[in-house]
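Beneath this line is the structure, given in structure tokens, with notes to follow.
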Amino acid sequence: MAATTPGPLAPDVLDREDMRRALAEHDFAAAFALVKKYGGLSQNRIAIACQLTPAKVSTIISGTQRVTSFDVICRIADGLRIPGALLGLAPRSWEVEKQAPSRSVEPAGERPGTQETPWRPDATANLAAHLTRSDLLMDRREATRALAGVALAGAALLDDLEGWLQPAAAVQPPARRGRLGAEEVEELEVTARAFRNGDHKFGGGLRRKAVLGQLNEVAGYLDEHQKPEIERRLHRVMAQLAGTAATMAWDSGLQRRAQEYYRLALRSSHAGGDTVFGANVLAGMARQMLYSDRPQDALELIRLAQDGSRTTAGPRVRAMLHTREAWAYAALGRVSAFRRVTGQAAEALGAAERGKEPYWITYFNEAELAGVTGGRLLDLARHDPSQYAADAAGEIRDALARRGPEAGRSHALDRIGLAECQFLIGDVKGAVEQAHHAVDAATHTRSRRVRAQLGNLYPYTVGHGASRAVGEVRTRIRDLLSN
């Protein structure tokens, strides 16, 4: 259902006292029954509007299954056009959206895709200019549509990336070259580093357009065809800016757009001869696939990264790649392979020397390894708490002991993970305490990933037998996720 279509419920249905009470208490069994009786909607129409299966709606109405997922509550609000205030949510986007005519940025099909772009430095710079220009001009409606974009997967994604392993094509230089000097490039490198460090700490897309503006400017410098060494450094700057734009887009929920910038970053690394950063970009793409439940695609991306950087990557980068590989194995249920590759990551990290590798990989230390390992054990613990939950909690506690709140997004994710571990272990008191810490940490980051993980805690706090303490932390989680 489009954001501008009218809601299926008449105002008098939403004004009923029994309906308002059911919505305030998140009693969707009663709410759906009232929707059927007074709104004239069948179970199938409710299911279609809320993106649920008819069987799911049936179990909700019968009372055999409660709605505890924050994401599902939001889908119900948007599907039935229930104002956010009636469900304890912030006003939904369709409540405040102005009915102004949408302005077009680029007609469909005119924006070049990375799949059609040859692996040539000049084509890569042209792609960067088009991508950033369209993003900088994107209005609110187009941003809403972009949120619905789905990242490519399988052969549609992987086949195009094979060019990463081939040498960059030679391009005939023009007779006239630009006049950018080493000092100006160094300023751009410092700016790219500042953007990347800020995103790593805080997350979210607050400065995304600033990054895109800088990326567009670098593409303009490359269009002037600088001296070979300057051009190589500019491509590397463009790769880092595109990588930051990708993580910012992903953290803002723009999955397809994030993938476009990841692929641009990979092509820019290729043009700049930076195979190590290119491997890091592929690791970012693999992580996106893992969050999208595509572990086999993630494994293929990591193998591509390892093949392309086998002779250039230092121990810290190799360790990071091993953890992504281990993550894929855990998602595939291959626990022995997960433990083996996690051991290889620890071994590689033990050989790392401070100051010997690029600045952008210095975040990957013993704390990061513990946090990532704990997170993967938590994934396993959701299926078998008795075997993995305690180990997951131990690794995450180690990460928290090694890095404090200054770690920003990572600290918040650690806190959320530890709270879930405590729920799985059955330590409700400890879980509530950690959940409060998690909410506190989440308020200091704008990351949608952090909020998505916090949403995973919500079901643990819902139930008829929930204590007052659990109810209090449930309210805090709901309030934060509603803003």
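- Contact annotation: the side chain of Pro315 approaches that of Glu357 to within less than 4.5 Å [non-hydrogen atoms, C-beta and beyond].
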Check step by step if ring pair (Phe, Tyr, Trp, His ring centres under 6.0 Å) holds for Trp250 and Tyr291. CA-CA 11 Å; Trp250 177 36; Tyr291 272 96; 5.1 Å; yes
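- Between atom CE of residue Met289 and atom CD of residue Gln255 there is a gap of 8.0 Å, rounded to the nearest 0.5 Å.
- Taking OG1 from Thr247 and CZ from Arg449, the interatomic distance works out to 7.5 Å, rounded to the nearest 0.5 Å.
- Considering all non-hydrogen atoms of both residues, Cys421 and Ala393 come closest at SG-N, 3.7 Å.
- Salt-bridge annotation for Asp12 and Arg16: absent, with no side-chain N of the basic residue lying under 4.0 Å from a carboxylate O of the acidic one.
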Test Tyr460 against Val428 for side-chain contact (heavy atoms from CB on, under 4.5 Å), laying out the working first. CA-CA 10 Å; Tyr460 293 100; Val428 176; over 6 Å; no
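- Asp15 has a carboxylate O that lies under 4.0 Å from a charged side-chain N of Arg20, or vice versa, which qualifies the two as a salt bridge.
- Between Ala279 and Ser309, the shortest heavy-atom contact is CB-OG, 3.5 Å.
- In this structure, Phe32 CZ and Leu52 CG are separated by 6.0 Å, a value rounded to the nearest 0.5 Å.
- In this structure, Arg324 contributes its side chain and Ala283 its backbone to a donor-acceptor pair below 3.5 Å.
- Although no hydrogens or angles enter the test, the distance criterion places no donor-acceptor pair under 3.5 Å between the side chain of Ser58 and the main chain of Pro54.
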Go through the steps for His26 and Phe28 under the test side-chain contact (heavy atoms from CB on, under 4.5 Å), then give the verdict. CA-CA 6 Å; His26 287 189; Phe28 291 102; 3.9 Å; yes
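- Of the residues listed (Asp414, Asn365, Asp398), the one engaging Arg403 in a side-chain hydrogen bond (donor to acceptor under 3.5 Å, both in side chains) is Asp414, and it is the only one.
- No donor-acceptor pair under 3.5 Å is formed between the side chain of Gln65 and the backbone N or O of Lys56.
- A salt bridge links Glu420 with Arg382; the closest basic N to acidic carboxylate O contact falls under 4.0 Å.
- A distance-only check finds a donor-acceptor pair linking the side chain of Thr362 to the backbone of Tyr359 [under 3.5 Å].
- Salt bridge Arg476/Glu472: absent, no basic N to carboxylate O contact under 4.0 Å.
- A heavy-atom distance below 4.5 Å is not found between the side chains of Val317 and Asn280.
- Two residues are said to be in side-chain contact when any heavy atoms from C-beta on lie closer than 4.5 Å; Leu215 and Leu264 meet this criterion.
- Side-chain atoms of Thr64 come within 3.5 Å of backbone atoms of Thr59 as a donor-acceptor pair (strictly under, hydrogens ignored).
- When all heavy atoms of Val237 and Ala192 are compared, the closest pair comes out as CG1-CB, 4.3 Å.
- Counting heavy atoms from C-beta on, the side chains of Tyr363 and Arg196 never come closer than 4.5 Å.
- Judged by distance alone, the side chains of Ser447 and Thr445 never bring a donor and an acceptor atom under 3.5 Å apart.
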CA sep, side-chain torsions, deciding dist, call: Leu80, Leu41, side-chain contact (heavy atoms from CB on, under 4.5 Å): CA-CA 10 Å; Leu80 298 177; Leu41 299 186; 4.0 Å; yes
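- Of the possible polar contacts, none joining the Arg318 side chain to the Ala348 backbone as a donor-acceptor pair under 3.5 Å is found.
- Two residues are said to be in side-chain contact when any heavy atoms from C-beta on lie closer than 4.5 Å; Leu349 and Arg316 meet this criterion.
- The local environment of CZ in Arg45 is sparse, with at most 12 non-hydrogen atoms from other residues, nucleotides or ligands closer than 6.0 Å.
- Atoms CG and OH, on Leu266 and Tyr261 in that order, are 16.0 Å from each other to the nearest 0.5 Å.
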Step by step, would you call Thr191 with Leu241 a side-chain contact (heavy atoms from CB on, under 4.5 Å)? CA-CA 9 Å; Thr191 301; Leu241 288 169; 5.6 Å; no
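- Remark: the backbone N or O of His411 is not paired with any side-chain donor or acceptor of Arg415 at under 3.5 angstrom.
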Apply salt bridge (Lys or Arg N to Asp or Glu O under 4.0 Å) to the pair Asp379 and Arg376, showing each step before the final yes or no. CA-CA 5 Å; Asp379 292 341; Arg376 306 300 63 82; 3.0 Å; yes
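- The shortest heavy-atom contact between Arg207 and Gly198 is NH2-CA, 3.2 Å.
- Side-chain contact check for Trp360 versus Val276: some heavy-atom pair is nearer than 4.5 Å.
- Atom SG of Cys50 is separated from atom CD1 of Ile82 by 7.0 Å, given to the nearest 0.5 angstrom.
- Counting all heavy atoms, side chain and backbone alike, Leu152 lies closest to Ala156 at CD1-O, 4.1 Å.
- The side-chain heavy atoms of Arg263 and Leu157, taken from C-beta on, include a pair separated by under 4.5 Å.
- A distance of 12.5 Å separates CG of Asn216 from NZ of Lys209, quoted to the nearest 0.5 Å.
- Between Leu158 and Leu304, the closest side-chain pair of non-hydrogen atoms is not below 4.5 Å.
- Across Met19 and Ala31, no two heavy atoms sit closer than the pair CE-O, 3.7 Å.
- The backbone N or O of Ile302 lies less than 3.5 Å from no partner atom in the side chain of Glu325, so there is not a single donor-acceptor pair.
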